[in-house]
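One structure is given here, and the rest of the page talks about it.
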Amino acid sequence: MARELKNLFIPFLIAIAFLFSLVVSSTFESFIRSYFGSIHLLMEIISVFVAFSIAMQGLTFYKPYASYRIIIFSSVFFTIGIMDLFHALTYEGLPLFGEKFTQPSIWFTLFGRMVEAASILILILLPEKKSKSREVRQFSFTLVLLSTILITIFISTYSTAFPNLYKSGSFTLIKLILEIIYCVIHIIVLVITVRVYRGNKRKEGLLVGISSMFLVLSSFMMITLGISSEKYGPYILSHLFKIFGYFYYFKAVFYLMSKQPYERISDLSSSYSRLLNSVVEGIFGIDKSGRVIFINESACRMLGFRENELIGRVINKYIHHSIPAESTSTPFESFTDEGKTMFSVNQWFWRKDGSRFPVEYFTRPIIENGVMVGTVITFLDVSERKKLEQLQTEQANIEYELEIAASVQETLLSTIEEPEMVEMGLITQSFKKLNGDFYNVIQHKGGLLFAIADVCGKGVPAAIQMTMLKFAMESHSDPEKILNKINSYFSKFVYDSSFITMFVGQVNQENSQFLFSSAGHEPGLHYRPSQDSFIELTTGNPLLGIDSSIQYHRGVISLEKGDVLVFYTDGIIERRNRTIDSNDFIKKLIREMDMTLPAQRLTELLYEKIMNFHHGKVEDDQTILLFKL
């Protein structure tokens, strides 16, 4: 363990030795005092350059599905670079401006330091996740850019009203507290990274720890300078330690974004071939002329070639020879020539049989002894994902259409008015989003016309057919004429697999007669409480839509005050696990109920008892229409 941490302790010992020699040497102090402005300017330029290098490296070489920490950290360093730049531009002690620094200059550098410390601590404490969006780079950079512009304007405009951080060449209490917080944060980061490194041996964590060590020394120099010293040496040394800290941040980002991916692929390709062949992704390498130098089994399987058919061949002529309109492809040779690390989407590869398939692939340069000798391409066949995306899009469109159809259906069925001559109760429950059950009640001078129907099939076609039923009822008054008209239309114009069961009834107010006609629908129930008797109402006619020549007939019964008429769809009585569907249990439940209750309450209680009888199972649309004279 001691050997593994030598990279941390050796820079620390070197820094301490350099610090000691600089502090005790009056020669260095005299030299720095003489050229302080130039040395300070040089330090600031280097700090700005390193900060922007960190930002540009992360933003340029960021790969989708990498850790979100990298892109956020790189974007934050863009802000830090801007703050250091404006600190240099507004620092009056530089040769171009005079002898004293300004209030904005102090706040620019302080804000940059606090942003750097807070961001590294937060990113270390947050759990590591992978980015799932290719737009995270653009979004992060845009957000940081806008924030940086606003902060820069704010500090430039209002910093003169901020609390003073220096008084008579020494720190104020606010400045001292902030420097101590900065130092403590980096001590915490240093401790965390060392502990984590002991467990996972990740080099980037050790580099961050080294960076925090230098930034702690930088803050220590600032605190020493601000409390008890007017020397220039500690001030310059603080900047030097900050540059070292930023440099190790740069090394950590460089290792993650460039060096680490190459090391992983290089180790994989130089080890046993079975390790390369164990991955799902297709992987192959090409030299600078585009010829294949290695390829794994997954790539051969997806491309339909044998390994010996591609080794030594210019692969672009075999699998990447055309560029369709929907592709943004670039030949592999350009990647090799330019040494690019890229992630490409919306690409196509061709198989040996001439068919093509969509892919996404990475290209990374192969480096040997500092010289690029080729490119590694890692690709995935995304055919299934493309199909899934298409299905999801189609499903979303269907859902949208269903929402519209459901809205139309609800509007149509909600226009029913409560009849005056009888009490009416209604319960309807759809099994899915659209209801395949239809009902309508029309009050007219001579009495009451109503219908209840069950449309075979669900969805938008059923909703359209229900709309036709509603308009058909408004055109005729006699039950059998309504059914004949609907049957004639549906037999001619609706597809063969669509059928409708329907019951149409008419209550004649003048003679208290009830006219009805049924097209294969469940029998209506006429219950006379005074005699405790039931009559099943049906005319034995077939379903609508079978044969346009069928003529429907009607039945007639007399009604008395207190009679109850109950109509329902097959979802009320039918269940898949029952071989016999009978309405006897409904008759039994009606006999047990209090007939003096209002019609709507009777309907609700009847539906509740029916659901209890079925143990709460719902397998179809359910509708109950009840009239009480």
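Atoms considered below: every heavy atom in the structure, side chains included; atoms not considered: hydrogens, waters and symmetry mates.
Contact annotation: the side chain of F305 approaches that of I319 to within less than 4.5 Å [non-hydrogen atoms, C-beta and beyond]. Taking 4.5 Å as the limit, some side-chain heavy atom of C300 sits within range of a side-chain heavy atom of I295.
Considering NZ of K242 and CZ of R113, their distance stands at 6.5 Å, rounded to 0.5 Å. In this structure, M213 CE and T193 OG1 are separated by 10.5 Å, a value rounded to the nearest 0.5 Å. Within the model, atoms CD1 of I366 and CD1 of I293 stand 4.0 Å from one another, a figure rounded to the nearest 0.5 Å. From H186, atom NE2 reaches atom CD1 of I192 across 12.0 Å, with rounding to the nearest 0.5 Å. Once rounded to the nearest 0.5 Å, the distance linking CE of M83 with OG1 of T109 reads 10.5 Å. In this structure, OH in Y249 is found 8.5 Å from CD1 in I54, a value given to the nearest 0.5 Å.
Pairing each heavy atom of L310 with each of V292, the nearest pair is O-CB, 3.2 Å. Closest non-hydrogen pair, P358 versus D381, comes out as O-OD1, 3.5 Å. Across every non-hydrogen atom of V208 and A252, the tightest pair is CG2-CB, 4.1 Å. The two residues S119 and V76 come nearest to each other via the heavy atoms OG-CG1, 3.6 Å. Of all heavy-atom pairs between W348 and N346, the closest is CD1-O, 4.3 Å. Between E179 and S219, the closest heavy-atom pair is O-OG, 3.0 Å.
Taking the six-membered ring where the residue is Trp, F357 and F379 present tilted rings, their angle falling between 30° and 60°. Relative ring orientation between F349 and Y361 is described as parallel, the plane-to-plane angle staying below 30° on a 0-90° scale split at 30° and 60°.
The only option from F77, F241, F49, F52 that meets the ring pair (Phe, Tyr, Trp, His ring centres under 6.0 Å) definition with Y246 turns out to be F77. Screening I187, V194, I188 against L190 for a side-chain contact (heavy atoms from CB on, under 4.5 Å) leaves a single residue, V194.
Residues satisfying the ring pair (Phe, Tyr, Trp, His ring centres under 6.0 Å) criterion with F247, sequence neighbours excluded, are absent altogether.
A side-chain donor-acceptor contact under 3.5 Å links N296 to the backbone of E281.
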